[in-house]
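To start, the structure itself, in structure tokens.
Values below: all heavy atoms of this structure, side chains included; hydrogens, waters and symmetry mates excluded.
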Amino acid sequence: MALPKDPRQKMINIMYLVLTALLALNVSAEILNAFKVVEFSLSGSNNVLNESNKSIYDNFDQMLKDPKTSDKAAIWKPKADQVRVLAQDIYAKIESYKQGLKEESDLDKSTGDYKEDDIEAPTRYFTENSNGADLYQALGEFKVKLLAIDKDLAAQIGAKLPLNLEIPKSNAGNTLTGNKVTDWVNSYFHMTPTVAALTILSKFQNDVKNSENIAAAFCANQVGSVKLVLDKFEPLVGTSSNYLMPGEEMVVTAGLGAFNSNVKPVVTIDGRTISVNASGVAESKFSVGAAGTKTMNVTVSFIDPNTGEKRTVSKKVNYTIGTPSGVAASADKMNVLYIGVDNPLTITAGAGSEKVSAQFSGGTITKSGGSKYIVKPNPGAYGEQTVTVLVDGKPVGKVGFRVKQLPNPTAYVGNLRPGAVPSASFKAMGGVIAKLEDSEFDAPFEVVSYKIGALSADIPDYAPMENKGPRWSGAAAGLVNKLKPGALVAITEITVKDPAGRTRVLPSGLSYNLK
């Protein structure tokens, strides 16, 4: 684009372009992570569909044995078997493409790692040879052969099949060539990151499994409605809390659960999949951590045998971990512990302070006098960590604390906030500092480097210069010395080192209008 001649507007346009590029870089990593989440979800959905499809095929075996349904089952079971073979073949073919794409993206077979953000590998693998066209043809043939199994099947479920080979609408202004196959392949795989291409392939596998489920269920329904037999019973008991004090109310819920042993639910507790036993019940045992009220997220998913639809029930389960009488540990400044700084704690345990000591699971803890302690978390100790309180060397209680990284500091040129500032004051500051605002911690941040650029009547081109360290030096110092009233100054890519020794780039820069 043509840049305006006005220096002020010119600098604003350039800074906008720089910011847009930086935002694009940040979003890129988030998008890659988002595709991983979708890939995980699709894999879980495929597993559920596998169980549902298996249940349908197993039900055919039962219907063949039942005199009331054996005649119709003998007609429709071979058709259901054709559905299964077609789905297995195309699913395996897509799986081979996924493996081939990983190898094209420098797969390390010892670790399973590959270049997730490689945008050239999918282009080579699918658009520059016949793999993309072969995939399109294979998916199309699968759909045609599936609907050709039976004319009634084609008439009733043809429009319901999720497998769609239409060219996705482009919001990026991509130009179509007019060749349907080429445009379809380009739309999905041209300049697409490898992790995204793999997710797209998993999506087609999910479409295949869904299509198989719809077709197989149609065949089964032609024999007769699936009879749901409640052949298992289990007492269900729950309580409102596992920790109460005298006088508090206890709520108990109890009943009888009845279910079909062929309908196996998928149970997850806090994201972990738990196997169910012969009674269809998942049991999870674990050691609880530090004191406090906790919440478990329990999710049960299953295929409704009456409708064939996936159903999910979620529930939050609360429980409380008590603290032995007399044991207390509290942060003196904040309700979290920060990495890289001294975090003062007060610890009491119903005994003389000379008998009390403590241990910290995420770093070091030292007594500073009486009931006062200093906790210093290790650089990688994120999340919940535990302070174990001991009396005469014996544990008497545990208290949990959240460990976090210090927040980003705020950068300044000396003590000047961004905006309009006197030219002489700006030059006199001598460099950039970074400090935490409104913090109770003395947490010094060291400025490692940054870039500084300017636009003015005598500096027509914006050319940011890198500066090492907090103070202006070298070419950056020369630039600052040339600045005059009316100049616009931008300081970007400010890199700092936190008290734990880790470097980070601040998300925003500084801009000043010298007057």
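A donor-acceptor pair under 3.5 Å is formed between the side chain of N221 and the backbone N or O of A217. Formation of a donor-acceptor pair under 3.5 Å by the D183 side chain with backbone atoms of G178 is found in this model. For Y450 (side chain) and V496 (main-chain N/O), no donor-acceptor pair under 3.5 Å exists by modelled atom type. Side chain of N179 to main chain of V181: a donor-acceptor pair is present (N/O by atom type, distance under 3.5 Å, no hydrogens or angles). Under the 3.5 Å distance criterion, the side-chain polar atoms of N343 are matched with a main-chain donor or acceptor of V375. Not a single donor-acceptor pair under 3.5 Å links the side chain of D461 to the backbone N or O of A463.
Q62 places none of its side-chain heavy atoms less than 4.5 Å from the side chain of D66. The side-chain heavy atoms of L146 and F142, taken from C-beta on, include a pair separated by under 4.5 Å. Under the 4.5 Å side-chain criterion, counting only non-hydrogen atoms from C-beta, N408 is in contact with R504. The side-chain heavy atoms of I452 and V432, taken from C-beta on, include no pair separated by under 4.5 Å. Put simply, the side chain of K180 reaches to within 4.5 Å of the side chain of E166, judged on heavy atoms. Annotation: side chain of W76 is in contact with side chain of F60 (closest heavy-atom distance under 4.5 Å). Between L101 and P122 there is a side-chain heavy-atom pair separated by less than 4.5 Å. Residues T503 and K497 are in side-chain contact: their nearest non-hydrogen atoms beyond the backbone lie under 4.5 Å apart.
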Does D117 form a side chain to side chain contact (heavy atoms under 4.5 Å, CB included) with V195? I'd like the steps, not just the answer.
CA-CA 7 Å; D117 59 351; V195 67; over 6 Å; no
Would you please test V403 and N378 for side chain to side chain contact (heavy atoms under 4.5 Å, CB included) and show each step?
CA-CA 10 Å; V403 176; N378 292 330; over 6 Å; no
Hey, mind stepping through F218 and D152 against side chain to side chain contact (heavy atoms under 4.5 Å, CB included) and telling me if it holds?
CA-CA 10 Å; F218 174 86; D152 291 333; 4.2 Å; yes
Kindly indicate, with the supporting measurements, whether the criterion side chain to side chain contact (heavy atoms under 4.5 Å, CB included) is fulfilled by S361 and T388.
CA-CA 8 Å; S361 62; T388 302; over 6 Å; no
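With P377 as reference, F360 is the one residue of F360, Y338, F401 to meet the side-chain contact (heavy atoms from CB on, under 4.5 Å) rule.
Looking at D207 and K203, a side-chain N of the basic residue comes within less than 4.0 Å of a carboxylate O on the acidic one, giving a salt bridge. A salt bridge links K209 with E212: at least one charged nitrogen is closer than 4.0 Å to a carboxylate oxygen. The pair D81-K77 meets the salt-bridge criterion, since a charged nitrogen lies less than 4.0 angstrom from a carboxylate oxygen.
Put simply, CD on E95 and CG on L201 are 9.0 Å apart, with the number rounded to the nearest 0.5 Å. With rounding to the nearest 0.5 Å, the separation of CD1 in I90 from NZ in K143 is 13.0 Å. In this structure, CZ in F189 is found 11.0 Å from OG1 in T194, a value given to the nearest 0.5 Å. How far CD of E466 is from OG1 of T492: 10.0 Å, rounded to the nearest 0.5 Å. Rounding to the nearest 0.5 Å gives a distance of 10.5 Å between CZ of F126 and CG of D134. Rounded to the nearest 0.5 angstrom, N59 CG and K54 NZ are separated by 11.5 Å.
Open room surrounds NZ on K115; 12 or fewer heavy atoms of other groups in view lie less than 6.0 Å from it.
Across all non-hydrogen atoms, the minimal contact from K98 to S202 is NZ-OG, 2.8 Å. In this structure, S187 and I167 approach most closely via the heavy-atom pair OG-CG2, 3.4 Å. Nearest heavy-atom pair across P379 and R502 is O-NH2, 2.9 Å. When all heavy atoms of T312 and T299 are compared, the closest pair comes out as CG2-CG2, 3.3 Å. Between N467 and A476, the shortest heavy-atom contact is OD1-CB, 3.3 Å. Looking at every heavy atom in both residues, G340 comes nearest to P499 through O-CB, 3.0 Å.
For F204 and Y188, the distance between ring centers is under 6.0 angstrom.
In this structure, T127 has no side chain to side chain donor-acceptor pair (under 3.5 Å) partners at least two apart in sequence or on a different chain.
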